[in-house]
Colleague: 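My questions all concern the structure below.
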2 protein chains.
Amino acid sequence: MTLSPSERRREIVNLVMARKTVALDDLAAHLGVSRMTVHRDLDLLEERGLLRKERGGATAESSLLFESNFHYRMQNDLAEKHALARAARALVEPGSVIMIDDSTTTLLLAEELEAIEFVTVITNSLAVCEKLRAHSNVKLVLSGGSYNQNLQAFYGLICEQSIAKLRADWAFLSASSIIGLSLYHQDQEVVRMKRALMAAAERRALLVTHSKFHTRALNHFGELSEFDRIFIDDGLDADSAAKLRQAGIAFELVHGQNTTRTETK
Amino acid sequence: MTLSPSERRREIVNLVMARKTVALDDLAAHLGVSRMTVHRDLDLLEERGLLRKERGGATAESSLLFESNFHYRMQNDLAEKHALARAARALVEPGSVIMIDDSTTTLLLAEELEAIEFVTVITNSLAVCEKLRAHSNVKLVLSGGSYNQNLQAFYGLICEQSIAKLRADWAFLSASSIIGLSLYHQDQEVVRMKRALMAAAERRALLVTHSKFHTRALNHFGELSEFDRIFIDDGLDADSAAKLRQAGIAFELVHGQNTTRTETK
DNA sequence: GTCCATATATCAAATTCCGTGTTATTTTGT
DNA sequence: ACAAAATAACACGGAATTTGATATATGGAC
């Protein structure tokens, strides 16, 4: 089986992530392509901030070990994220004002908005901005701030102050990690931005894949109880689900298994 | 002679602009392509906000009649704008903080920044943002605000307040129109943004093509005397030049004639 | 400094993607 | 209901990208 260029690069990233460092010749042999091609792939991945290229091979960039890179995260659990986005779309009423955070999950919600008559979207995510810029049914408001290439979004004082000056009907957020009833994220400036979004919205919706229940991240940014609606894909293990129910947290299990193409007709 | 796709679309725009409305069949006949191709061109131009597609043809969007559309302006005097950008680049010192406005002229300055060691760029232009996002030598700060699809940039309260909170060494601006010693722009919210940029920068540089001396726009946004450096391409007529000199305005004539490819080796 | 391994540059072949026109089907306005 | 127009689907040809072979340059170990 021969991989497509993007699949091949993904495979390289996986190997680099698992082994932390990997030889160029090993990659060429494992992927069945020439050294030259591997060189070019590594150059590209270095551009994206996923790894550091060095003589004879490559090592993982620290950002990759935290799995915080946008391009990398975008690939994970895609089908589940799509399903969550489709489910959350029902909350968006024509004419309403919504906030969308910098996560790859809520980015997919942006794609769903084409179907809505008219919406105002406030975001700090450049990726969301690019998805919506051509849609004439969407009034787009960007927070601004300092650009973070790794997360494809804007942060800092400018970002937080802009958000603080706005009001929305709903804020749609995701989290990196859920431990107990608390939400975590690895990055402080992201935490500040998320707090600003949560404070500026009338109601809050959380979209998380079940994988978020099995990772850890450094900084606390909120509690499940702060959210009005919570969407989780149905890959959630029974144990975690039971604990949530026991704590009185209402959530919706969304069907979105790893069927690569499950377009609902 | 057969036109390239972009030339063909430009021709459509010119026709729509001149006639205000034009039939699809006329376009197909005049351009020597199939109806299907014209359909696809019109879809694309409608996406860009240049015209409105309607049964049997297309009509000009008002933004086009005011020549305020980004994609349209981007095509005009390209060689001259490139030359202005190259000249202005010399002002940017490594490590400095600069502001770039939403004009198509200063957008080309952004392209030139790759050569600079390290710069912080503050802008309200999404186009500038996209040019620079991948450059690791540029720290990018976006003002945020409400997105204007027609101008590919952000405006409004958020934008102005963000800019007011920042300081820069240089602001690089352009103008739609120069009448006497005054600068004009057709759009009020753009004027506000430009004033904010000018106020937030230590020094100001103006980049204008000679064609700006022969058009008119509604709103006053500044005086030539407010700028520390002024760059004009050498297509400027002797009469206008004399008047500037007489008024004691120092400016630099930049060579950049319509030689389609004058790459300086 | 030399030497060998690795990296970059260049080019031609292979492949993929994009633009186009044809035909078939659906939609729209009268 | 009808005709004109718009859209959808498909296939062809050419442009652009990707790839690996080769040649050249660079870097580190000694």
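In the text below, chain A, chain B and the rest are named by the order of the sequence lines, each starting its count at 1. Every value quoted in this text rests on a predicted model; they were computed, and no experiment measured them.
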Colleague: Please determine which of Val22(A), Leu45(A), Leu50(A), Leu44(A) meets the side chain to side chain contact (heavy atoms under 4.5 Å, CB included) test together with Ile12(A).
Modeller: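 So the option named by the test is Leu45(A).
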Colleague: Might you point out which heavy atoms bring Ile116(B) and Pro94(B) nearest each other, and give the distance in Å?
Modeller: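 Heavy atoms of Ile116(B) and Pro94(B) come nearest at CG2-CA, 4.0 Å.
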Colleague: How close or far is atom C1' of dA4(D) from atom CD of Glu54(B), stated in whole angstroms?
Modeller: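 So the two atoms are 16 Å apart, to the nearest Å.
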Colleague: Is there a donor-acceptor pair closer than 3.5 Å between any side-chain N or O of Asp101(A) and the backbone N or O of Ser174(A)?
Modeller: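 Between the backbone of Ser174(A) and the side chain of Asp101(A) there is a qualifying donor-acceptor contact (under 3.5 Å).
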Colleague: Distances under 3.5 Å between protein N/O atoms and the N/O atoms of nucleotides 11-17 of chain D, please, pair by pair.
Modeller:
none

Colleague: Could you check Leu132(B), Thr120(B), Ile98(B) and say which one makes a side chain to side chain contact (heavy atoms under 4.5 Å, CB included) with Val138(B)?
Modeller: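 Single pass found, and it is Leu132(B).
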Colleague: With sequence neighbours left out, write down each residue that passes salt bridge (charged side-chain N to carboxylate O under 4.0 Å, His left out) with Arg10(A), or none if nothing qualifies.
Modeller: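 Result, salt bridge (charged side-chain N to carboxylate O under 4.0 Å, His left out) vs Arg10(A): none returned.
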Colleague: Taking His135(B) for the side chain and Asn137(B) for the main chain, is one N or O donor matched with an acceptor at less than 3.5 Å?
Modeller: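 A pair under 3.5 Å: no.
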Colleague: Got a sec, which pairs hit side-chain hydrogen bond (donor to acceptor under 3.5 Å, both in side chains) with one end in residues 15-32 of chain B, sequence neighbours left out?
Modeller: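 Sorted result for residues 15-32 of chain B: Asp25(B)-Arg35(B).
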Colleague: Please tell me which of the listed nucleotides, dT6(C), dT19(D), dA21(D), lies nearest to the side chain of Pro5(A)?
Modeller: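 Per side-chain heavy atoms of Pro5(A), the pick is dT19(D).
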Colleague: Give the minimum heavy-atom separation between Ala88(B) and Leu207(B), together with the two atoms involved.
Modeller: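 Heavy atoms of Ala88(B) and Leu207(B) come nearest at CB-CD2, 3.9 Å.
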Colleague: What residues in residues 17-24 of chain B put a non-hydrogen atom under 4.0 Å from any atom of DNA chain C?
Modeller: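 Within residues 17-24 of chain B, no residue comes under 4.0 Å of DNA chain C.
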Colleague: Quick check: closest heavy atoms across Phe154(A) and Gly145(A), and the distance to 0.1 Å?
Modeller: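 Between these two residues, the closest heavy atoms are CD2-O, 3.4 Å.
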Colleague: Ignoring hydrogens and angles, write down the donor-acceptor pairs under 3.5 Å from the side chains of residues 53-61 of chain B, residues two or more places apart or on other chains.
Modeller:
| unit_1 | atom_1 | unit_2 | atom_2 | d |
| --- | --- | --- | --- | --- |
| Lys53(B) | NZ | His39(B) | ND1 | 3.1 |
| Lys53(B) | NZ | Asp43(B) | OD1 | 3.0 |

Colleague: Quick one: list whatever passes side-chain hydrogen bond (donor to acceptor under 3.5 Å, both in side chains) with Thr123(B), sequence neighbours left out.
Modeller: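 In terms of side-chain hydrogen bond (donor to acceptor under 3.5 Å, both in side chains), with neighbours along the sequence ignored, Thr123(B) is linked to no residue.
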Colleague: On the nucleotide dT6(C), are OP1 or OP2 found under 4.0 Å from the side-chain N or O atoms that Lys53(A) carries?
Modeller: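 No, outside the criterion.
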Colleague: For the residue pair Ser4(B) / Glu7(B), report whether a side-chain donor-acceptor contact shorter than 3.5 Å exists.
Modeller: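 Per modelled atom types, Glu7(B) and Ser4(B) side chains form a pair under 3.5 Å.
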Colleague: Take the protein atom CG of Asp25(A) and the nucleotide atom C1' of dA5(C), then report the distance between them rounded to whole Å.
Modeller: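 Rounding to the nearest Å, CG of Asp25(A) and C1' of dA5(C) are 10 Å apart.
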Colleague: In residues 37-52 of chain A, what residues come within less than 4.0 Å of DNA chain C, judged by heavy atoms?
Modeller: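 Result for residues 37-52 of chain A: His39(A), sorted by number.
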Colleague: Partners of Asp102(A) by salt bridge (charged side-chain N to carboxylate O under 4.0 Å, His left out), sequence neighbours excluded?
Modeller: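 Listed in chain order: Lys194(A).
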Colleague: Whole angstrom is fine here: how far is it from CE in Met36(A) over to C1' in dA12(C)?
Modeller: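 Taking atom C1' of dA12(C) as the reference, CE of Met36(A) is at 15 Å.
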Colleague: Looking at the side chain of Arg9(A), which of dT7(D), dT19(D), dT8(C) is the nearest nucleotide?
Modeller: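 In terms of side-chain proximity for Arg9(A), the closest of dT7(D), dT19(D), dT8(C) is dT19(D).
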Colleague: Does the distance from a Lys or Arg side-chain N to an Asp or Glu carboxylate O, for Arg229(A) and Glu252(A), drop under 4.0 Å?
Modeller: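 Looking at Arg229(A) and Glu252(A), the cut-off is met.
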Colleague: If you look at every heavy atom in Arg73(B) and Leu151(B), which pair is closest and at what distance?
Modeller: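 Looking at all heavy atoms of both residues, the shortest contact is NH2-CD2, 3.7 Å.
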Colleague: For DNA chain C, find the residues of residues 26-34 of chain B with a heavy-atom distance under 4.0 Å and give them by number; none if there aren't any.
Modeller: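 Within this stretch, Val33(B), Ser34(B) sit under 4.0 Å of the strand.
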Colleague: Given the rule in the side chain to side chain contact (heavy atoms under 4.5 Å, CB included) test, do Val97(A) and Val119(A) qualify, once you have shown the distances and angles that lead to the verdict?
Modeller: CA-CA 6 Å; Val97(A) 179; Val119(A) 211; over 6 Å; no
Colleague: Report the residues that fulfil side chain to side chain contact (heavy atoms under 4.5 Å, CB included) with Thr209(A), sequence neighbours left out, ordered by chain and then residue number.
Modeller: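 Counting only residues at least two positions away or on another chain, Thr209(A) forms a side chain to side chain contact (heavy atoms under 4.5 Å, CB included) with Asp77(A), Glu80(A), Lys81(A), Leu84(A), Ser211(A), Lys212(A), Asp233(A).
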Colleague: Please enumerate all protein N or O atoms sitting under 3.5 Å from an N or O of nucleotides 28-30 of chain C, with distances to 0.1 Å.
Modeller:
| unit_1 | atom_1 | unit_2 | atom_2 | d |
| --- | --- | --- | --- | --- |
| dT28(C) | O2 | Arg55(B) | NH2 | 3.2 |

Colleague: Apply side chain to side chain contact (heavy atoms under 4.5 Å, CB included) to residues Val141(A) and Tyr147(B) and explain how you reach the verdict.
Modeller: CA-CA 6 Å; Val141(A) 177; Tyr147(B) 183 61; over 6 Å; no
Colleague: Just to be sure I understand: a Watson-Crick pair is purine N1 to pyrimidine N3 plus N6-O4 or O6-N4, both under 3.5 Å. Using that and G-U wobbles, which stems of three or more pairs involve DNA chain C?
Modeller: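 Paired runs of 3+ in DNA chain C: C:1-30 with D:1-30.
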